[in-house]
2 protein chains.
Amino acid sequence: MDQVEIFKALSNKTRLEILGWLKEPAIHFPNQPNPDFETVGVCVGQIQIKSGLSQSTISEYLSILQRADLISSTRVGQWTYYKRNQEGLEKLSKIINTEL
Amino acid sequence: MDQVEIFKALSNKTRLEILGWLKEPAIHFPNQPNPDFETVGVCVGQIQIKSGLSQSTISEYLSILQRADLISSTRVGQWTYYKRNQEGLEKLSKIINTEL
DNA sequence: TTGGCATATCGGGAAAAGTCGATATACATT
DNA sequence: AATGTATATCGACTTTTCCCGATATGCCAA
């Protein structure tokens with residue numbers, strides 16, 4: 001993954017917020033219907049409601065974050081759950097500390 | 001400094017390269033006229049030549065990086081020398097490791 | 001004080017990103 | 001099969017970013 005694309009993914013207030021929300025799903029998504037969300041993640045709809053932006057925008061933002069390896073998704077029935085991608089985030093941390 | 005602005009500053013190939021070049025000025029700017037460049041930094045003209053982009057573009061890029069506290073400048077006569085801002089870079093590292 | 005460099009700023013055109021509503025797709029339920 | 005719900009994709013419009021050339025500013029030397 002291109003470094004520039006990672007930083008672009010992070011160059012947006014809402015996308016940074018999403019990353020933050022996914023850090024503590026229980027706190028930020030108290031109404032999440034799926035009780036399993038701590039492991040599988042949070043579904044698009046919940047993130048969309050919290051963000052206040054349109055469904056299409058959030059869907060796109062999530063795929064931008066995913067392309068940058070910052071989050072990952074799991075499809076379960078009609079829902080797509082997103083959660084933080086710890087591996088990608090650690091890689092970013094390494095980039096910052098060594099290459100930058 | 002707003003986090004988004006820091007990431008925007010890093011969302012460009014040339015700006016990332018500049019940051020890299022400034023890590024080892026002696027290697028990347030062998031023709032730097034000022035022998036003192038290791039401490040004071042590298043002047044705009046040298047960076048511009050190496051980048052291949054226009055003078056105005058590089059001047060702007062340097063000020064974007066500076067606004068993000070990633071580099072700092074010193075004016076000496078008609079030259080402006082830029083170098084890495086270690087404090088700002090460490091702050092970024094902290095952001096990545098704690099807030100993100 | 002005039003001319004010559006180094007850098008900064010301004011104005012603009014092209015490309016990319018932000019954001020939306022509408023539509024498509026995929027799955028679930030009846 | 002038909003409808004409803006969740007998400008993804010498309011087309012469009014606006015704003016921002018990428019770069020440039022031209023011009024301004026600041027400093028130095030003749």
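Source: prediction; values computed, not measured. Order of the sequence lines sets the chain letters (A, B, ...), proteins ahead of strands, with each chain counted from 1.
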Of Tyr82(B), Tyr81(B), Phe29(B), Trp21(B), the one forming a side chain to side chain contact (heavy atoms under 4.5 Å, CB included) with Val42(B) is Phe29(B)

Notebook entry, point to check: Within the structure, does a side-chain N or O atom of Ser56(B) lie under 4.0 Å from either OP1 or OP2 of dG21(D)?
Noted result: no

Among dG26(D), dT7(C), dT16(D), the one nearest any side-chain atom of Lys8(B) is dT16(D)

Q. Does Tyr82(B) place a side-chain N or O at less than 4.0 Å from the phosphate oxygens OP1/OP2 of dA8(C)?
A. yes

Here the distance between atom P of dT17(D) and atom NZ of Lys13(B), to the nearest Å, is 20 Å

Check your understanding: Which part of the nucleic acid does Ser11(B) contact within heavy-atom distance under 4.0 Å: base, sugar-phosphate only, or nothing?
Key -> sugar-phosphate

Checking dC18(D), dT7(D), dG18(C) against the side chain of Val44(A) (C-beta onward), the nearest is dT7(D)

Return yes if some donor-acceptor pair links the side-chain N/O of Gln48(A) with the main-chain N/O of Leu53(A) below 3.5 Å, else return no. yes

Separation of dT5(D) atom P from Gln78(A) atom CD, nearest Å, is 9 Å

Closest of dC18(D), dA8(C), dC20(C) to the Gln55(B) side chain is dA8(C)

Note: Thr14(B) and Ser51(B) closest approach over all heavy atoms is CG2-CB, 4.3 Å

From CZ of Arg67(B) across to P of dA8(C) the rounded distance in Å is 12 Å

Within the structure, does a side-chain N or O atom of Tyr61(B) lie under 4.0 Å from either OP1 or OP2 of dC19(D)?
yes

To the nearest angstrom, the CG-C1' distance between Leu62(B) and dA8(C) comes to 11 Å

Nearest heavy-atom approach of Thr57(A) to Ser54(A) is OG1-OG, 2.9 Å

Phosphate OP1/OP2 of dC19(D) contacted by Asn12(B) side-chain N/O (<4.0 Å) = yes

Glu60(B) CD to dA6(C) C1', in whole Å, measures 17 Å

Whole-Å distance, Ile64(A) CD1 to dA16(C) C1', equals 11 Å

request  = Taking the side chain as every heavy atom from C-beta outward, state whether Ile58(A) and Leu62(A) have any pair of such atoms under 4.5 Å apart.
outcome  = yes

Whole-Å distance, Arg75(A) CZ to dA6(D) C1', equals 7 Å

So Gln48(B), base contact, sugar-phosphate only, or nothing? Heavy-atom distance under 4.0 Å. nothing

Between CH2 of Trp79(B) and C1' of dC27(D) the distance, given in whole Å, is 9 Å

- Would you mind classifying the nucleic acid contact of Leu53(A) as base, sugar-phosphate or nothing, using non-hydrogen atoms under 4.0 angstrom? sugar-phosphate

Whichever of Thr57(B) and Gly52(A) has the more 5' nearest nucleotide on DNA chain C, that residue is Thr57(B)

